[in-house]
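Some notes on the structure that comes next.
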Amino acid sequence: MRASLALFVVTVPAVVAAPSSWIAILFCLAAILISAGYLTRIVAGLCAVACAIMIWPMTAAPPLSLFPHVLDAAALALIGPGAFSIDARLFGRRTMHLPG
């Protein structure tokens with residue numbers, strides 16, 4: 001999931017025709033952080049919001065085809081990076097135990 005989101009985040013500025021190269025650099029940095037698994041929840045959440053905002057005014061490509069990738073970013077922000085990530089090494093693996 002992290003790899004597919006990282007590839008999508010790298011291609012967003014090219015698809016949307018971002019007005020600044022700084023936006024492309026920020027998206028590439030976000031893709032590196034996501035693929036490494038560092039600050040995954042924060043970066044994936046920001047990417048979900050930023051991609052949704054950038055995709056919304058598009059007229060060339062249908063936004064409906066890009067919408068699953070935004071949902072992928074939101075899902076990664078909710079479930080976290082996984083066992084093989086820098087976050088898991090720094091903070092340990094966390095599990096939820098439901099009563100009953």
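All heavy atoms count here, side chains included; hydrogens, waters and symmetry mates do not. Residue numbers count from 1 along this sequence.
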Self-check item: Cluster check Leu5, Leu46: I/L/V/M/F/W/Y, side chain < 4.5 angstrom
Solution: yes
Validation: residues 48-55 side-chain donor-acceptor distances under 3.5 Å, sequence neighbours left out:
none

Exercise. Could I get the full list of side chain to side chain contact (heavy atoms under 4.5 Å, CB included) partners for Leu71, not counting sequence neighbours?
Key: Phe67
Quiz item: Hydrophobic cluster mates of Val10, side-chain heavy atoms under 4.5 angstrom, ILVMFWY only, any path?
Solution: none
Quiz item: Quick one: CH2 on Trp22 to CZ on Phe27, what's the gap to the nearest 0.5 Å?
Solution: 15.5 Å
Practice problem: Could you state whether Ile23 and Val70 fall into the same hydrophobic cluster, counting links through intermediate Ile, Leu, Val, Met, Phe, Trp or Tyr residues with side-chain heavy atoms under 4.5 angstrom apart? | Solution: yes
Self-check item: For Leu39, side chain to side chain contact (heavy atoms under 4.5 Å, CB included) partners two or more places apart
Solution: Ile42, Val43
Self-check item: Side-chain cluster (under 4.5 Å, hydrophobic types only) that Leu7 belongs to, other residues
Solution: none
Distance-only criterion, 3.5 Å: show the donor-acceptor pairs between side-chain atoms of residues 30-38 and protein atoms not counting sequence neighbours.
unit_1 : atom_1 : unit_2 : atom_2 : d
Ser35  : OG     : Ala31  : O      : 3.0
Ser35  : OG     : Ile32  : O      : 3.0

Quiz item: Should side-chain heavy atoms under 4.5 Å link Ile, Leu, Val, Met, Phe, Trp and Tyr, which residues sit in the same cluster as Leu78?
Solution: none
Exercise. If a pair satisfies side-chain hydrogen bond (donor to acceptor under 3.5 Å, both in side chains) and one of its residues is in residues 73-84, list it, with sequence neighbours excluded.
Key: none
Quiz item: Which residue pairs pass the side-chain hydrogen bond (donor to acceptor under 3.5 Å, both in side chains) test when at least one of the two sits in residues 72-84, sequence neighbours left out?
Solution: Ser4-Asp72
